[in-house]
Amino acid sequence: MSKYSFDTKFSVLMKDPQVMEIVEDLCPEIVNHPMKSLALSLGFTPNMGMAVLSKMYSKEKIEEFRVRLEAIE
């Protein structure tokens, strides 16, 4: 069973080094995104942030992230 999904809060995801490796590989610019603090403080999940993420990344890249995220056990 997967440890994480797109319903896991960003604040939880960002604490895991395995997740951060995926971030650094696929989308390093989100680490310093101006809305990062707001997303963390409001308890956002990737699904909740999809309106912004889908403007930044292709569907293929988002799907690759999801697959790799869900592969973490």
Visitor: For residues 51-62, which residue pairs pass the salt bridge (Lys or Arg N to Asp or Glu O under 4.0 Å) check, not counting sequence neighbours?
Guide: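 Applying salt bridge (Lys or Arg N to Asp or Glu O under 4.0 Å) to every pair that reaches into residues 51-62, excluding sequence neighbours, yields nothing.
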Visitor: Scan residues 4-13 for pairs that pass side chain to side chain donor-acceptor pair (under 3.5 Å), counting only residues two or more places apart or in two chains.
Guide: Tyr4-Asp16, Asp7-Asn47
Visitor: Is the shortest heavy-atom distance from the side chain of Leu13 to the side chain of Met20 under 4.5 Å?
Guide: no
Visitor: Roughly how far apart are His33 NE2 and Phe10 CZ, rounded to 0.5 Å?
Guide: 10.0 Å
Visitor: Would you indicate whether Met56, at its atom CE, is surrounded by more than 12 heavy atoms from other residues, nucleotides or ligands within a distance under 6.0 Å?
Guide: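 Atom CE in Met56 is packed in, count exceeds 12.
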Visitor: When you compare the side chain of Met50 with that of Ile62, does any pair of heavy atoms fall below 4.5 Å?
Guide: yes
Visitor: Might you point out which heavy atoms bring Leu26 and Tyr57 nearest each other, and give the distance in Å?
Guide: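 Between these two residues, the closest heavy atoms are O-CE2, 4.3 Å.
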Visitor: To the nearest 0.5 angstrom, please state how far the CD atom of Glu29 sits from the CD atom of Glu24.
Guide: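 These two atoms lie 9.5 Å from each other.
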Visitor: Which residue is it: Thr45, Leu69, Leu53? I am looking for the one with a side-chain contact (heavy atoms from CB on, under 4.5 Å) to Phe6.
Guide: Leu69
Visitor: Identify the residue among Arg68, Arg66, Glu73 that makes a side-chain contact (heavy atoms from CB on, under 4.5 Å) with Glu70.
Guide: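 By the side-chain contact (heavy atoms from CB on, under 4.5 Å) criterion, Glu70 pairs with just one of Arg68, Arg66, Glu73: Arg66.
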Visitor: Begin from the C-alpha positions of Phe65 and Val23 and carry the test side chain to side chain contact (heavy atoms under 4.5 Å, CB included) through to its verdict.
Guide: CA-CA 8 Å; Phe65 190 99; Val23 168; 3.8 Å; yes
Visitor: Return the OG to NZ distance between Ser41 and Lys36, rounded to the nearest 0.5 Å.
Guide: 12.0 Å
Visitor: Would you mind reporting whether Ile72 and Ile22 have side-chain heavy atoms less than 4.5 Å apart?
Guide: yes
